[in-house]
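Single-structure report; data block below.
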Amino acid sequence: LPTDNARTGRSGSLSSPPVQPDFSEKIDVNPPKGTRDFPPEDMRLRNWLFNNFKEVSQVYGFEEVDFPVLESEALFIRKGGEEIRDQLYCFEDRGNRRVALRPELTPSLARLVIQKGKSVALPLKWFAVGQCWRYERMTRGRRREHYQWNMDIIGIPDVTAEAELISSIVTFFKRIGITASDVGFKVSSRKVLQEVLRRYSVPDHLFGRVCVIIDKLEKIPIDDVKKELRSAELSEEVVEELLQILSVKSLVKLEEKLGTVGEALADLKQLFSLAEKYGYSEWIQFDASVVRGLAYYTGIVFEGFDREGKLRAICGGGRYDHLLSTFGGDDIPACGFGFGDAVVVELLKEKGLLPEVSPQVENIVCSLDQDLQGAAAAVASVLRQKGQSVDLVLENKPLKWVFKRAARINAQRLILVGNAEWQKGMVGVKILSSGEQYEVKVDELE
Ligand SMILES: CC(=O)Nc1cnc2ccccc2c1
């Protein structure tokens with residue numbers, strides 16, 4: 001058989017013609033429908049975004065957590081008639097277990113809190129950035145996966161927790177150049193709906209389902225919303241009263257309609273007062289039509305929206321005081337939000353705020369002579385020992401090729417290992433931005 005160095009090229013050999021690839025086996029090189037690859041330039045933008053998520057979380061004193069992307073299906077089976085359930089990416093595994101790719105992170109977080117039980121001191125302030133999945137039948141071309149940033153506060157019953165969460169999102173927006181004239185938060189409380197439903201003695205077990213239906217306003221025709229409310233055994237009178245209260249846009253009007261009884265108004269007043277102390281009043285507005293589409297919210301709910309009205313909700317969250325007890329845990333109060341990686345990028349594009357995240361490498365090292373490849377590797381190691389980044393040219397290439405690559409990878413410095421210099425223990429250095437070049441002893445490189 002021919003020895004390796006008898007090989008003619010990268011794939012042929014002297015003794016037999018190159019193997020013809022069997023095109024019938026060519027795989028589809030695109031990722032599965034509704035999913036994305038992250039080639040380097042996209043990965044740099046994603047890392048920029050996620051680093052901002054994580055740095056804000058740390059500035060607010062939150063601890064990072066993570067969970068499996070695969071969970072028991074039971075975690076997400078709720079009776080609220082939610083879209084998230086219709087689109088659950090679920091299957092039976094080889095152990096005949098019903099499992100699902102998580103459509104959101106909050107249930108996993110609740111599961112971990114219960115699992116940790118008394119071993120963790122409340123309150124907990126946890127954050128996660130994780131990929132979430134949905135399986136949409138009609139491929140409306142919508143994505144089947146996205147990454148969500150979640151922050152949750154577990155164990156605080158007061159709206160001080162919600163005020164802190166909204167503050168953290170405002171901080172995030174400011175960091176990426178978004179201002180209160182670009183984006184706002186619509187804030188309400190599901191206790192408004194709860195009080196109306198209780199006045200008409202609608203049974204509590206319908207609460208989550210009614211909220212999920214009401215969240216469809218502005219997404220489906222109002223008559224369909226009314227029909228769904230009627231099918232949830234709500235009388236015509238209650239339906240009309242609900243739609244009435246949802247159009248209220250000020251706390252003053254809310255007080256007129258609801259009166260001061262109940263916690264909804266007190267919670268909202270406290271939240272707006274705290275917002276003023278944080279200094280983000282200009283970012284938030286009361287809007288009774290905000291209910292959010294998840295069945296488990298019980299109190300304050302909020303969503304970030306673009307003031308031009310071109311995009312879907314940027315983020316959303318709220319209080320979910322009974323989710324843990326529905327999983328068999330203690331009845332621990334909780335609130336949190338989810339922030340997807342898709343809409344915010346559309347917003348940044350709209351505003352011309354997408355950052356230029358080019359590749360960065362400090363050095364490109366190459367040998368000018370085949371026999372000096374080892375010397376080049378040694379120089380690269382010296383620099384790497386000092387914590388410098390080095391792209392080491394791994395084949396014998398002409399200088400022209402090296403300069404082209406240096407420009408492409410945005411190298412700051414070119415280190416040339418040449419015979420003459422190497423004899424003196426020196427290397428050539430070229431600062432690529434200024435063109436300045438000089439020779440230096442290897443161990444004086446810094
Ligand atoms: C705008 C967008 O991509 N939304 C999106 C994409 N994928 C998801 C996957 C699971 C749950 C929600 C999702 C939401």
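As the structure lists them, so they are numbered: ligands from 1, and atoms in each ligand from 1. If you're wondering where the values come from, they're calculated on a predicted model, not measured in any experiment. Starting from 1, each residue takes its place in the sequence as its number.
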Worksheet item: Do Lys33 and Asp28 sit within salt-bridge range, that is, some charged N less than 4.0 Å from a carboxylate O?
Response: no

Worksheet entry | Residues that Lys351 engages under side-chain contact (heavy atoms from CB on, under 4.5 Å), provided they are two or more places apart | Ile178, Asp182, Glu308, Leu347, Leu353

Worksheet item: For Cys211, what residues pass the side-chain contact (heavy atoms from CB on, under 4.5 Å) criterion, not counting sequence neighbours?
Response: Arg190, Leu193, Phe207

Worksheet item: Are Phe62 and Phe127 an aromatic pair by the rule of ring centers under 6.0 Å?
Response: no

Discussion item. Once side-chain contact (heavy atoms from CB on, under 4.5 Å) is applied, do any residues pair with Ala128, and if so which ones, sequence neighbours excluded?
Written reply: Val65, Phe67, Leu105

Worksheet item: Contact residues of ligand 1 with a heavy-atom cut-off of under 4.0 Å?
Response: Pro103, Cys132, Trp133, Arg134, Arg143, Arg144, Glu145, His146, Arg312, Ala342

Fill in: Phe38, Phe172, Tyr147 screened by ring-ring contact (aromatic ring centres under 6.0 Å, His included) with Phe50, the one that passes
Tyr147

